[in-house]
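We name chains A, B, ... by the order of the sequence lines, and we start the count at 1 in each one.
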Number of protein chains: 4
Amino acid sequence: MARPVNEEKRLERRKRILKEAVILFAEGGYSNTTTAIIAERVGVTPGTIFQYFPSKEALYYAAVLEPLADIQVKSLACLQQEGTPGALIKNMVKEQFNDIYFYTNELRLAQSVLGQRIRFPELTQKVLESIKVMTDAIESVYAEGQLMGEFDKSFSPAMISRSYISFLNGVGLTLGESIIHHPEWENLKGHAYYLFAPIQPKEKLEESK
Amino acid sequence: MARPVNEEKRLERRKRILKEAVILFAEGGYSNTTTAIIAERVGVTPGTIFQYFPSKEALYYAAVLEPLADIQVKSLACLQQEGTPGALIKNMVKEQFNDIYFYTNELRLAQSVLGQRIRFPELTQKVLESIKVMTDAIESVYAEGQLMGEFDKSFSPAMISRSYISFLNGVGLTLGESIIHHPEWENLKGHAYYLFAPIQPKEKLEESK
Amino acid sequence: MARPVNEEKRLERRKRILKEAVILFAEGGYSNTTTAIIAERVGVTPGTIFQYFPSKEALYYAAVLEPLADIQVKSLACLQQEGTPGALIKNMVKEQFNDIYFYTNELRLAQSVLGQRIRFPELTQKVLESIKVMTDAIESVYAEGQLMGEFDKSFSPAMISRSYISFLNGVGLTLGESIIHHPEWENLKGHAYYLFAPIQPKEKLEESK
Amino acid sequence: MARPVNEEKRLERRKRILKEAVILFAEGGYSNTTTAIIAERVGVTPGTIFQYFPSKEALYYAAVLEPLADIQVKSLACLQQEGTPGALIKNMVKEQFNDIYFYTNELRLAQSVLGQRIRFPELTQKVLESIKVMTDAIESVYAEGQLMGEFDKSFSPAMISRSYISFLNGVGLTLGESIIHHPEWENLKGHAYYLFAPIQPKEKLEESK
DNA sequence: TATGAATGAGAGTTCATTCAT
DNA sequence: CATGAATGAACTCTCATTCAT
């Protein structure tokens with residue numbers, strides 16, 4: 001009874017629609033991106049979009065939330081590996097700064113939702129929740145790191161995690177198109193970790209005295 | 001000469017239109033905000049808008065750029081006062097974090113432009129230029145501060161100034177509506193200055209050795 | 001402040017739209033009549049329709065109910081004049097059979113609503129209510145006529161009034177286009193009154209014995 | 001020869017499609033009833049409908065005309081039995097008022113066609129022809145009844161038959177959903193026969209004098 | 001100068017129909 | 001034969017802009 005082949009085809013096409021939608025919505029915004037243009041890019045006719053998504057808005061929701069969920073999973077995974085809190089965070093920062101490059105459109109899309117909170121209140125809530133999940137995870141790892149003497153104990157973990165997320169988003173927002181080729185890109189990545197106020201080995205030594 | 005009273009009236013009305021446009025565009029985005037709604041909020045009829053702005057797009061440009069220029073002037077003024085670089089920057093940070101609250105709509109509007117670079121390329125350029133003016137100014141004050149031993153010399157001023165601006169924008173973007181009532185708000189403000197890697201008096205002493 | 005001229009113009013145009021809508025909806029049904037066609041008939045552009053009616057459905061409602069209300073007022077007026085119940089009813093029948101001719105479209109429109117009860121439930125209710133107002137009015141006049149010996153006392157007034165209304169609607173429905181030129185038209189009108197089971201003078205005499 | 005079993009299956013399925021189509025078209029009208037919904041109700045996929053009917057319009061035609069033909073056959077059969085004209089007509093009235101209940105959807109469907117004469121002109125003609133066949137049949141039986149002194153001779157048979165058919169249709173149209181439970185239902189049925197102006201035995205006696 | 005009705009191009013969405021599987 | 005995804009024309013409705021008043 002099952003028709004695995006067709007089901008696969010459907011998912012494949014759904015994915016392609018979503019992919020193009022992410023690009024176009026990110027570049028042009030919600031209203032300026034017509035369903036007809038998305039269809040054209042995908043290589044189907046206007047009606048086909050609506051076989052996969054009940055409405056343009058539903059497509060927008062999916063284009064915003066589905067990639068965000070993927071990114072979140074990846075980021076959280078960084079924090080659940082073996083290693084000291086400091087190493088985990090360092091690794092996460094590296095990973096996420098790579099993501100800024102690989103998921104530029106996906107992240108800008110989420111950011112633009114935050115810029116239209118009145119218009120898409122539900123979606124805004126979900127994006128903010130997704131951010132909260134991230135900051136909470138960072139917070140607890142960071143607190144542990146403080147206990148282990150890897151981070152300066154004088155900062156509130158809640159503040160630190162929020163600072164970092166703000167910084168991360170701000171970087172994606174304010175840097176130009178070719179973000180990764182920016183002359184200060186590598187330095188910025190380093191400064192992201194500095195935000196966590198890590199204690200240098202030398203200082204660590206001193207502190208432990 | 002001319003008709004100064006009427007001229008005044010015109011400017012007054014233009015200002016009111018712009019003010020409402022900023023609020024509505026910031027809340028609802030460009031396409032979702034109709035000229036009719038703006039007119040209604042201002043208390044005029046749809047046609048009137050077009051007596052003050054040649055098109056909806058022109059109104060949007062003005063709504064984005066004019067407040068941004070004002071904020072820029074204020075911020076730059078902070079850096080041109082009397083005082084050590086460290087004091088100037090500390091003051092600027094304080095001022096700008098206040099602005100996040102007082103000019104929430106104006107700043108979000110500018111941010112949302114950055115989220116639609118393809119759609120409003122010219123406007124995007126102008127916003128990025130405005131950001132560049134700011135980072136450049138910060139950069140030179142910061143470099144001076146480094147020379148004076150107020151900031152850690154190991155960081156590139158270009159990177160530091162960009163980091164700060166990214167942070168500033170990210171905070172506005174990712175914090176909730178009532179940003180200022182966020183429990184970590186005050187700490188965040190403090191961390192913004194930490195980002196500049198200021199040298200503590202004690203350290204300053206050590207360093208100067 | 002009032003702009004009576006414009007207000008008048010608006011009402012005038014609203015009336016014209018409604019008039020064309022009645023004709024087209026009656027001839028082609030709801031779905032088959034496009035707002036563009038209505039606009040074209042009226043001599044305006046498609047958008048204009050929506051300055052006078054918020055939606056196609058609202059226009060349909062108005063096209064069905066407003067003429068129905070007018071017809072009802074006229075019909076009820078017949079029953080509120082001076083005269084014996086028999087004379088009033090006779091006059092009403094005459095009036096209403098004229099209306100079948102003059103308001104063919106309006107009445108067919110109302111009938112077609114009754115043919116789509118599931119689709120327009122609210123509208124159906126209102127049309128049925130309008131019919132009930134009519135049957136109730138007839139019922140009470142008829143009952144009075146029975147008391148005065150003008151009508152056969154063996155029939156229930158409720159049944160008689162419903163019979164008549166059914167007959168009236170059925171005539172409009174089943175007779176051809178040029179209803180009034182039907183060879184039996186005049187006879188049908190007479191039979192409509194026969195349906196009330198009036199007592200002939202001779203019979204009246206007999207009965208009164 | 002051929003494949004009678006499959007042929008039977010085909011007919012069976014065609015019947016089911018038609019049955020659902022009648023219900024749905026009657027409840028929702030032509031345009032509001034999609035082929036997809038019909039297919040779903042029948043339990044097949046959209047494409048299948050078009051294996052049995054060349055187009056939606058053809059299905060509509062069949063849904064209107066085929067049941068109408070059945071009903072007509074039944075009604076005509078009433079008039080072709082043994083018995084006096086009066087008895088035949090009395091029986092037919094009884095039969096047809098039952099049909100109003102049993103074939104509510106089929107009859108409403110036919111009525112709604114009459115409400116859209118411009119849109120379905122051919123279909124309208126066929127429905128009107130079907131009505132004419134009925135009135136003609138009644139007319140001739142009625143005329144015979146008049147000759148036999150069962151009906152008042154002063155009425156035109158053409159008018160009487162049309163009156164009755166109008167009444168019959170009007171009753172179906174204007175009475176509510178649960179037509180048969182209407183408190184006046186039984187009385188209405190009786191009045192339908194009264195419309196034929198039957199002569200009471202006593203009167204018959206008098207008249208025959 | 002302000003008005004606000006009219007405009008008309010263009011948006012999202014629906015759905016009868018087709019056809020490769 | 002049945003399927004059901006794809007089609008694409010056609011629909012309703014929106015809204016920036018114009019212009020006679």
Mind calculating the distance between [atom1] ([X]) and [atom2] ([N]) to the nearest angstrom?
X	N	atom1	atom2	answer
B:Tyr60	F:dT17	OH	P	15 Å
D:Glu12	F:dC1	CD	P	15 Å
D:Ile49	E:dC19	CD1	P	18 Å
C:Lys9	E:dT3	NZ	C1'	13 Å
B:Arg16	E:dA2	CZ	P	13 Å
A:Glu8	F:dA5	CD	P	15 Å
B:Leu24	F:dA16	CG	P	12 Å
B:Leu59	F:dC15	CG	P	16 Å

Looking at [X], I'd like to know whether one of its side-chain N or O atoms comes within less than 4.0 Å of OP1 or OP2 on [N].
X	N	result
C:Arg10	E:dA5	yes
D:Tyr52	F:dC1	no
D:Arg13	F:dC1	no

From F:dG4, E:dA5, E:dG4, pick the nucleotide closest to the side chain of D:Thr45?
->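 Within the option list, the nearest is F:dG4.
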D:Thr33 side chain to D:Leu24 backbone, donor-acceptor under 3.5 Å =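 Yes, the answer is positive, given that a donor and an acceptor are paired below the 3.5 Å cut-off.
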Side chain of C:Lys19, backbone of C:Val42: donor and acceptor closer than 3.5 Å?
->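 No; judged by distance alone, with no hydrogens or angles, the pair does not exist.
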Residues that A:Arg13 engages under side-chain hydrogen bond (donor to acceptor under 3.5 Å, both in side chains), provided they are two or more places apart =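 side-chain hydrogen bond (donor to acceptor under 3.5 Å, both in side chains) check on A:Arg13 returns nothing, list empty.
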Could you pull out all residues at least two apart from D:Thr48 that satisfy side-chain hydrogen bond (donor to acceptor under 3.5 Å, both in side chains)?
->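 Counting only residues at least two positions away or on another chain, D:Thr48 forms a side-chain hydrogen bond (donor to acceptor under 3.5 Å, both in side chains) with D:Thr45.
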Are D:Arg119 and C:Ser31 close enough that a side-chain donor and a side-chain acceptor fall under 3.5 Å?
->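 No, C:Ser31 and D:Arg119 have no side-chain donor paired with an acceptor closer than 3.5 Å.
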Answer with base, sugar-phosphate or nothing: what part of the nucleic acid does A:Phe53 contact at a heavy-atom distance below 4.0 Å?
->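 No contact.
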Nucleotide by nucleotide, 5' to 3', does protein get under 4.0 Å of the base (B), only the sugar-phosphate (S), or neither (-) in nucleotides 11-16 of chain E, counting heavy atoms?
-> SSBBSB
Less than 4.0 Å between a side-chain N and a carboxylate O, is that true for A:Lys15 and A:Glu66?
->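 No salt bridge links A:Glu66 with A:Lys15.
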Dot-bracket encoding per residue of DNA chain E, Watson-Crick/G-U cut-off under 3.5 Å, | denoting interstrand | .||||||||||||||||||||
Counterpart residues, ring-ring contact (aromatic ring centres under 6.0 Å, His included), relative to A:Tyr52 (two or more places apart) |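 Scan of A:Tyr52 (ring-ring contact (aromatic ring centres under 6.0 Å, His included), adjacent residues dropped) gives none.
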Which residues pass the ring-ring contact (aromatic ring centres under 6.0 Å, His included) test with C:Tyr60, sequence neighbours left out?
->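 Expected list: C:Phe25, C:Tyr30, C:Phe120.
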Mind checking whether B:Thr124 and B:Pro121 have side chains closer than 4.5 Å, heavy atoms only?
->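 The answer is no, as the side chains (C-beta and beyond) never meet within the 4.5 Å cut-off.
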